Amino acid sequence: MCGIVGYVGSRDATPLLVSGLRRLEYRGYDSAGVAVQEDGQLEVRRAEGKLDNLVQVIAQKPVSGTSGIGHTRWATHGRPSEHNAHPHVDCGAVTAVIHNGIIENFEELKVPLLRAGHRFTSETDTEVVVHMLEDELKQGRSLEEAALRVVPRLEGAAALAFVSAKDPGKIVAARVSNAGGVIVGYGKGENHLASDIPALLEHTRTVSFVEPGEFAVITANEVRFLGRDGRPVEKSRTTITWDPVTAAKAGYKHFMLKEIHEQPRVLSDTLLGRVDRGSGRVIFDEDVRIADEQVRRLQRITLLGCGTAGYAALAGKYLIERLARIPCDVEIPSEYRYRDPVVTQDQLVVALTQSGETVDTLAAIDEARKGGARVLAIVNAMGSQASRVADDVIYLHAGPEISVASTKAYTTMLADLYLLAVFLGQRRGTFDQGAAGKLLAELFHLPTLVDAVLAEEPKVKALAYRYHQSKDFLYLGRGINYPTALEGAHKLKELSYSHAEGAAAGEMKHGINALIDESLPVVAIALQDGTYRKMVSNIQEVRARAGTVIALANDDDEDIGQHASDVIRIPRTNDLLSPILAVVPLHLFAYHVADRRGNDVDQPRNLAKAVTVE
Ligand code: F6R
């Protein structure tokens, strides 16, 4: 997730672009850059790292002009560095592009460009676009004509903006798919562009939203919108009434709620480009280098992660054992690092971490590498320590997670683990191509189903308000939703400060039953998979002891209502994917209980986002 801004008018563009980027820095801070038109020339300034580094670069080598574009990067293709920073320019440095999203077919598009002699200076997927534009502009086309010819050839998700010294005083912006916003802000004798409203608010409250497949042609005095076919599109204007703080949270009360609602989009980002269309095989970025032969020789996989990442690891065990038939164990990093574990060379250690900086996870990775195991890290933060020390890296592509309580990183971890399980199974031949196609089709349908779950938020909120005063909660699950029960309880306790316990429902008779009385709400995950009947028996045991049951059930389960006091419903999917859907209402429940209690949801007491000390 990157941030894009643009300005065309009569004021000095540079400070305006920088202040717009400042408001978008939450979207990425791996690098930043601007391209400003100055005396018929295009001047680019870029810097690795936070925006302040760019500010220093500009201070040393000032640039001014009355139009330009700016970018703040959350790296996806190509590591964080100055040469991978946007804007990217063509061979003659006269045209520049900025981009948010992933261009899936960039490798295909790059081949003829290289053959034609274009010089590439970055490892990004984005740079192909500017070289394609260069060819079109050479034919004497305007910037929008060139964009109309280039953008339809891009596959994937993209929000793009272009400027060119060949067509000065103009920005052309385009939106390829649902990923990434493109918003035009209207001023007097000037116009603005940004990927999010916060970057526009200091200049204007009147905006138009560019929809997927549309283009905006922006000059100081005019904004035109075009469809894919180049025909004009009529656009309405919207007045934004948010204050600046609300705006940074995109109108949500807390970052956590915003991040929960981002999940359909970030799940799509996670899945993008992960299946080879020709072979139907799961493929990862160039950062996964494990050879097929080594996959076939694996004897054991150890998954590890702290807190929420640890519950994802546990779900990963169910996924990998079921789909790839490799024995897995799950480890708590703070235990593993001091236990003198048995590590072997035919073992793969999978380390899960959103931040990539959790100190115990890093130490466990070291321990595994010392023992000769291959380490694969599943990480959100690009360039983080875990991503640098691991042999292989799978990125979550979830965008920055700001709320301390992890939500979208958890569901994208589950999606990546599912992809990894299919990847391993395909290479070990544990299922045929037909079965793989079905497993992947269900995965790709998930963002739509998560959207449907989010639509049920008002019901979950009402339940949270009903139960918010309870002092203890019990979460029960079985099979692959046992980790979901642990995660549901974890989130509730860290946010609400109530005691909550997650358990495998089959363990109730071995002690947990003693807790049950009329004051204990029990959240029971009872989906219609192989564990359903057993879960219903567990629910009945709770009811028989006067406990209150909140059942998490499938849409089409007509019987569950007779066993539970309250029911939260989610759509049906493949049982191995159900944790991604089931956890969403549990995160919402925890959020609304905590909010109802007046707690600081985004920064719960005594906790930190990245645990970099023991
Ligand atoms: C829970 C939570 C923590 C983290 C844990 C690991 O909501 O956020 O339990 O999951 O501290 O952090 P990472 O994934 O950064 O290693």
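Atoms within each ligand, like the ligands themselves, are counted from 1 in listed order. Since we're looking at a predicted model, the values are computed, not measured.
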So for ligand 1, is T361 a polar contact partner (N or O within less than 3.5 Å, distance only)?
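Among all N and O atoms of T361, none is under 3.5 Å from an N or O of ligand 1.
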When you measure from the heavy atoms of H490 to every atom of ligand 1, does any distance fall below 4.0 Å?
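It does; at least one heavy atom falls under 4.0 Å.
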Please determine whether a side-chain nitrogen of the Lys or Arg among [X] and [Y] lies less than 4.0 Å from a carboxylate oxygen of the Asp or Glu.
{"X": "R300", "Y": "D346", "value": "no"}
{"X": "E501", "Y": "K493", "value": "no"}
{"X": "D566", "Y": "R466", "value": "yes"}
{"X": "E321", "Y": "R325", "value": "no"}
{"X": "K408", "Y": "E259", "value": "no"}
{"X": "D360", "Y": "R337", "value": "yes"}
{"X": "R79", "Y": "D287", "value": "yes"}
{"X": "R369", "Y": "D391", "value": "yes"}

Which atoms of ligand 1 sit under 4.0 Å from any heavy atom of [X]?
{"X": "G307", "value": "9 (O)"}
{"X": "Q354", "value": "13 (P), 14 (O), 15 (O), 16 (O)"}
{"X": "E494", "value": "1 (C), 7 (O)"}
{"X": "S355", "value": "13 (P), 15 (O), 16 (O)"}
{"X": "A405", "value": "7 (O)"}
{"X": "A309", "value": "10 (O), 14 (O)"}
{"X": "T358", "value": "12 (O), 13 (P), 15 (O), 16 (O)"}

Nearest protein heavy atom with distance in Å, relative to [atom]:
{"atom": "atom 11 (O) of ligand 1", "value": "V611 CG2, 4.1 Å"}
{"atom": "atom 6 (C) of ligand 1", "value": "C306 O, 3.3 Å"}
{"atom": "atom 8 (O) of ligand 1", "value": "V404 O, 3.1 Å"}
{"atom": "atom 2 (C) of ligand 1", "value": "T308 OG1, 3.9 Å"}

Have a look at ligand 1 and work out which part of T407, if any, has a heavy atom under 4.0 Å from it: side chain, backbone, both or neither.
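No part of T407 comes within reach of ligand 1.
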Can you tell me if Y395 and D269 form a side-chain donor-acceptor pair at under 3.5 Å?
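No donor-acceptor contact under 3.5 Å links the two side chains.
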